[in-house]
Number of protein chains: 2
Amino acid sequence: MVKHYSDRLDATFHALACPTRRGMLASLMSGEKTVSALAEPYAMSLAAVSKHIKKLEVAGLVERKVEGRTHYCRLNAKNMAEAHAWMERYRRFWEGKLDLLEALLEAEDREKETK
Amino acid sequence: MVKHYSDRLDATFHALACPTRRGMLASLMSGEKTVSALAEPYAMSLAAVSKHIKKLEVAGLVERKVEGRTHYCRLNAKNMAEAHAWMERYRRFWEGKLDLLEALLEAEDREKETK
DNA sequence: ACTATATTTAACCACATGGTTAAACATTAT
DNA sequence: ATAATGTTTAACCATGTGGTTAAATATAGT
């Protein structure tokens, strides 16, 4: 199996498929954070955190600015757009289904009234 | 490591992090399909396809109706809603950033005009 | 120069993932 | 009853994942 999450969507969805990484993104919504600040809520080594951040970076969801020995991470939510747009297709699909359902129910109601 | 993708979001994003499974969902947009129909575009065994479908099922994205020896799969796009909603938060975030940028540019423009 | 701080990298481990083939299961057709 | 069809399950394999600890790297403070 030769799988490198080369595809951007793969990388993005994979990055999001983990509560730790989603938590980190949420944490970054309130602004730039250093690696250790990001690590703080989690009971795991910095080495592990470092890897999580790297995945977020590879997926383009997080950007890093190195200043001396400190690494500042910030959210790049814009790069979630592709994945969001992908899902949007399905949102339309399920809304379409609901619209159809609604139409059917309305039709049923009219049926009753004229009975 | 004890990870079971118990969380619904985990399961959903994980299911989506694979081109094969995304392809299957896309294929189901045009209507119900049997397992072998779903498998047809892919150069892999039915056994492998079966496992992919199961993941989509566990994530609640696909539902199965067994009729005799044939299994009919259909899309349940509605169960993508949670993941979509999760991303929506971030869409607002990046739109907010764009709005802010726009505001800044406008402010700059006004600056120039009054100069 | 020495030490402390911030972080990554390397080597390792247990378990997950995505594939395979072969066999089992369930249903339909002959 | 036998054979063919549609699908899953079991056993297996190579590689990926998410964690660990220990060492390396880079910078800042004394």
B/R21 CZ to C/dG19 P: how many Å, rounded? 8 Å

Between P on D/dT17 and CG on A/L16, what's the gap in Å once rounded to a whole number? 15 Å

Residues B/E57 and B/K54 bridged, charged N to O under 4.0 Å: no

For atom NZ of B/K33 and atom C1' of D/dG6, their distance in whole Å: 17 Å

Does B/K55 place a side-chain N or O at less than 4.0 Å from the phosphate oxygens OP1/OP2 of C/dG18? yes

Counting only side-chain nitrogens and oxygens, does B/S45 get under 4.0 Å of the OP1 or OP2 atom of C/dT20? yes

Which pair of non-hydrogen atoms, one from A/Y90 and one from B/L25, has the smallest distance, and what is that distance? OH-C, 3.4 Å

Would you indicate what B/T20 reaches in the nucleic acid, counting non-hydrogen atoms under 4.0 angstrom: base, sugar-phosphate, or nothing? nothing

Round to the nearest Å and state the distance from A/K65 atom NZ to D/dA26 atom C1'. 18 Å

Please state how far atom NE2 in A/H52 lies from atom P in D/dG16, giving the value in whole angstrom units. 18 Å

Ignoring backbone atoms, establish whether A/S50 has a side-chain N or O less than 4.0 Å from OP1 or OP2 of C/dT8. yes

Cluster check B/L46, B/Y72: I/L/V/M/F/W/Y, side chain < 4.5 angstrom: no

Taking ring-ring contact (aromatic ring centres under 6.0 Å, His included) as the definition, give me every residue that meets it alongside A/H71, ordered by chain and number, with sequence neighbours left out. none

Send over the distance from A/L38 CG to C/dT8 P, rounded to a whole Å. 10 Å

Distance check needed: C/dA23 P versus B/L46 CG, whole Å only. 17 Å

Is any side-chain N of the basic residue among A/R21 and B/D10 closer than 4.0 Å to the acidic one's carboxylate O? no

Given D/dT9, is OP1 or OP2 found less than 4.0 Å from the side-chain N or O atoms of B/K54? yes

Over how many whole Å does the gap from A/I53 atom CD1 to C/dT8 atom C1' extend? 11 Å

Residue A/K51, side-chain atoms from C-beta onward, closest of D/dG19, D/dT21, D/dA10: D/dG19

Taking atom types as modelled, find out whether A/S36 and A/K33 have a side-chain donor-acceptor pair closer than 3.5 angstrom. no

Using a 4.0 Å heavy-atom cut-off, write out nucleotides 25-30 of chain C from 5' to 3' as B (base contacted by protein), S (sugar-phosphate only) or - (no contact). --BB--

Compare every heavy atom of B/Y42 with every heavy atom of B/T20, then report the nearest pair and how far apart it is. O-OH, 3.3 Å

